[in-house]
Amino acid sequence: LSNTMVNYKVILDVDPGIDDAIATMIALQSLDIEVLGISTVNGNIGSRLGALNTLKILHALGRSDIPVLQGATKPLIKRRTVRPEYFHGKGGLGGLQLELPENKKILSKLRLSDFIESTLKSYRKGEVSIIATGPLTNIAKLFTDDNFSSTLGYLGEISIMGGAFGLDNETFGSFTKYAEFNFYSDPEAAKIVLDENQNLNRKVVGLDVTSNPLCTVDPELVRKLTKLKGTTLKTKITASLLGFAVSVRNTCNLHDVFAVAMLEKPSLFKLKKGRIEVILNGTMRGHSKFIEDNASSNHILVASDVNEKEFNNFLFSRLLKN
Ligand code: RIB
Ligand code: CA
């Protein structure tokens, strides 16, 4: 397929983690997305382990051509590092053992902004976007790097999984009752990246949408995956990752997949304009508040709902595709 068909060129910023790994594979499969590079960030796992996990998945999918960069090893303001081990299992991929490619190197975190700058400037302004599915430490460093400020204008948009805005009238957090994990891990970074004065379009989908009980994977889906005719390594990996996830929680939400869908198919989402406040101190550290404002620019769009049927078609067609 020639690249001319591709609608979106993206850099993924991830902390794989099971749903990050699934989101990465779904982005790689998309006919509308070309993945130009993947950076990892401290979150579900350390950024080095995240980079190794990413290398293994790319190798399994025959995509070792895609550069992998190790990003931040800790949040902007070092606090206790938290790891939701329970959900992502040993090694961050539910204990899945995959082989590392031979001579593939992880590009160092020192070169992350260089890589992103050279990638952005290899294309037209606005042609390359970022999908961020972990804590926003790497992205915040780009925003606060004076040498990068002119390059920021080359970015198309950023599609972010993070926060919990209570737009379903009940979901305000997960990791603590007030905060979602990605924002809780680095609230200072979230505050920087979501600054409404930045002249850059950012779409944010929080737990209030990604935890939709109608948009889950369950053991039945895993059974379908394992019975697929002509299973490939890709479907075996998917079945293993989801098999672990549903063993921990009978039905699970693949939060990070929503950030891929929100870039590729924004029409699946109801998006509201406004601004986001992130609490930095006290028991509500990491809490995210959305203040709707139709008079505001398009810089910050927050998902308030998803078309469940269309999203599930998107999700299952990708998961079950060899
Ligand atoms: O709160 C959901 C987010 O945290 C997702 O990015 C998932 O990977 C978890 O770590
Ligand atoms: Ca993640």
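Index from 1, following the sequence. Order of appearance sets the numbers: ligands from 1, and atoms from 1 within every ligand. These numbers were taken from a predicted model, which means no experiment stands behind them.
- Using a distance-only test at 3.5 Å, with no hydrogens or angles considered, no donor-acceptor pair links the side chain of R48 to the main chain of G46.
- Residues Y178 and I279 have side chains not in contact (no heavy-atom distance under 4.5 Å, counting atoms from C-beta outward).
- Listed by chain and number, residues touching ligand 1 at under 4.0 Å (heavy atoms only) are D19, D20, N44, H88, T133, M161, E180, F181, N182, L207, H255, D256.
- The closest side-chain heavy-atom distance from L58 to I38 is below 4.5 Å.
- Judged purely by atom type and a 3.5 angstrom limit, N138 uses its side chain to pair as donor or acceptor with the backbone of T40.
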Fill in: Steps toward side chain to side chain contact (heavy atoms under 4.5 Å, CB included) verdict (H299, N201)
CA-CA 4 Å; H299 291 162; N201 289 345; 3.7 Å; yes
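- With a 4.5 Å cut-off on side-chain heavy atoms, I131 and Y8 do not count as touching.
- The shortest distance between side-chain heavy atoms of L241 and M25 falls below 4.5 Å.
- Using a 30° and 60° split on the angle between ring planes, F258 and F269 fall in the perpendicular class, above 60°.
- Closest approach of P101 and L55 over heavy atoms only: CD-O, 3.9 Å.
- If you look at the Ca ion (ligand 2), the protein N, O or S atoms less than 3.0 Å from it are D15 OD1, D20 OD1, D20 OD2, T133 O, D256 OD2.
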